[in-house]
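When a ligand or atom number is given, it counts from 1 through the structure's own listing order. These numbers come from a predicted model, not from an experiment.
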Amino acid sequence: MPERLGPPRETPLFERVALVGLGLIGSSIARATRHLNLARSIVAVDASEAVVERVREIGIADEATTDVAAGVRDADLVILCVPVGVCGTVAEAMRPGLKPGCIVSDVGSVKASVIGQVQPHLPDGVSFVPAHPVAGTEHSGPDAGFATLFHNRWCILTPPEGMDETAIESVRAFWEAMGSNVEVMTAQHHDLVLAITSHVPHLIAYNIVGTAADLETVTQGEVIKFSAGGFRDFTRIAASDPTMWRDVFLHNREAVLEMLGRLNEDIALLARAIRWGEGDKLFDLFTRTRAIRRGIISSGQETPEPDFGRRREDKT
Ligand code: NAP
């Protein structure tokens, strides 16, 4: 699947876009926004002086600051790209800078909690359109981003009931311009679906890599030396940002626990099938799961390469 951005727009979609948090996601949005001319000016806001300095060096924004209220001033679109656990604090800090008519959005991997944290701090006349780009890598920081990250990936919008339709359409247009396919659903439904498709798989990866590292009979050296494909793929996922993932689990607690309960039941059934030599049950499951993998590849959400993921030469 080619990963190419289209030509820049003649007229930007927004005058001034402020991105708060210039890590993997924020810096990817900055790069795509600049490349596609989606905003006349881009302001980068980050709590870290080092990140702000790096953003200036690599030149992915027109302005960069650690002052969130100053950074969002006069922006017509503000996107929170910070870990979900700090969204409320950031919203409170940026409130004095928000202009009437501004749209606030975010990219958090959990939606109901972010809505609960952010909405109470937004003044009247400011619209909130939460979003979650279902795209990412295990890398963090402003150097990890790339402009094609969202290309041919889903972006889920979870606007609270009664939200201004024009604001929703503006955010949809922004993500579509970056190459995403946009879907709208409730925050609760999003959190349940993502618990099984993203959050629980990450928990399993963290768990299996942790267990292997702790095994007394296998030294860590041997775990690395003999890591077969399956384990290697888990280590890639388990290298994901600790702050981001701690917050995801703490803020999507109910849905993750619900899905973990089901998973535990299914693992018990698998253990039983292995114990009693019920090969047909294992074979049937593995045949079904192989079909799911093939479906993901044919829908363009994954490449068939055994080494999983995007090729470097596809990145802009
Ligand atoms: P990241 O690379 O770690 O970047 C987060 C940035 O936010 C860092 O520069 C961080 O600075 C900064 N930050 C932290 N607290 C802040 C605050 N209070 N005010 C301003 N800046 C602050 O993380 P990411 O992967 O881009 O993730 C950002 C968001 O995107 C998360 O909500 C995550 O759930 C969501 N998301 C991530 C992925 C993914 O695969 N990574 C995919 C979809 C959505 P420090 O480094 O100094 O803390």
Side-chain angles (χ1 to χ4, degrees), residues 18-32 43-58 60-61 64-72 78-95 97 104-115 117-118 121 130-146 149-151 153-158 175 178 180 187 190-191 193-195 197-199 201-202 205-206 236-252 256 301 308-310:
L19 303 169
V20 186
L22 267 287
L24 169 73
I25 302 295
S27 74
S28 295
I29 297 175
R31 287 175 170 94
V43 188
V45 183
D46 201 287
S48 154
E49 281 285 0
V51 171
V52 166
E53 195 45 49
R54 186 65 190 141
V55 166
R56 289 191 185 119
E57 277 167 17
I58 55 182
I60 53 175
T65 175
T66 54
D67 184 336
V68 64
V72 302
V78 175
I79 308 180
L80 304 183
C81 310
V82 294
V84 292
V86 297
C87 282
T89 319
V90 172
E92 188 176 9
M94 75 185 183
R95 183 191 165 106
V104 172
S105 187
D106 78 303
V107 294
S109 308
V110 176
K111 301 287 21 128
S113 163
V114 169
I115 293 173
Q117 292 179 61
V118 172
H121 296 295
H132 176 205
V134 187
T137 74
E138 67 278 25
H139 303 295
S140 326
D143 288 295
F146 52 101
L149 178 63
F150 312 110
H151 191 268
R153 295 290 182 267
W154 287 101
C155 180
I156 302 171
L157 308 186
T158 63
W175 283 100
M178 290 193 288
S180 296
H190 165 280
D191 289 353
V193 172
L194 270 290
T197 59
S198 170
H199 306 167
H202 273 80
Y206 283 123
R236 185 188 66 78
I237 299 172
S240 299
D241 189 73
T243 306
M244 168 188 158
W245 284 98
R246 176 203 61 199
D247 285 5
V248 166
F249 293 117
L250 295 182
H251 288 266
N252 198 20
V256 167
Q301 297 299 302
F308 210 95
R310 291 165 190 273

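- Put simply, the side chain of V134 does not reach to within 4.5 Å of the side chain of T197, judged on heavy atoms.
- The two residues D106 and P130 have their closest heavy-atom pair at OD1-CA, 3.1 Å.
- You'll find the side chain of S140 stays beyond 4.5 Å of the side chain of M244, heavy atoms only.
- When non-hydrogen atoms are compared, ligand 1 lies under 4.0 Å from the backbone of C81 (N, CA, C, O) but not from its side chain.
- In this structure, T89 does not count as a contact residue of ligand 1, since none of its heavy atoms falls inside 4.0 Å of the ligand.
- At a 4.0 Å heavy-atom cut-off, ligand 1 touches L24 through backbone and side chain alike.
- Scanning S27, G88, A47 for the heavy atom closest to atom 20 (C) of ligand 1 points to A47.
- Every N/O-N/O distance between G21 and ligand 1 stays at or above 3.5 Å.
- Looking at heavy atoms from C-beta onward, I25 lies in side-chain contact with L149 at the 4.5 angstrom threshold.
- Under 4.0 angstrom from ligand 1, the non-hydrogen atoms of T137 all belong to its backbone.
- Contact analysis puts A135 in contact with ligand 1, with a non-hydrogen atom separation below 4.0 angstrom.
- A salt bridge is absent between E92 and R95: the closest approach of a Lys/Arg side-chain nitrogen to an acidic carboxylate oxygen does not fall below 4.0 angstrom.
- The shortest N/O to N/O separation between H132 and ligand 1 does not fall below 3.5 Å.
- Side-chain contact between L80 and V118: present, with at least one pair of heavy atoms (C-beta onward) separated by less than 4.5 Å.
- Residue G26 has no nitrogen or oxygen atom sitting less than 3.5 Å from a nitrogen or oxygen atom of ligand 1, judged on distance alone.
- Nearest-residue assignment for atom 18 (N) of ligand 1 (options V110, V90, V20; heavy-atom criterion): V90.
- Minimum heavy-atom separation, S28 to G145: OG-CA, 3.1 Å.
- Remark: ligand 1 and S109 share an N or O pair separated by less than 3.5 Å (distance only, no angle test).
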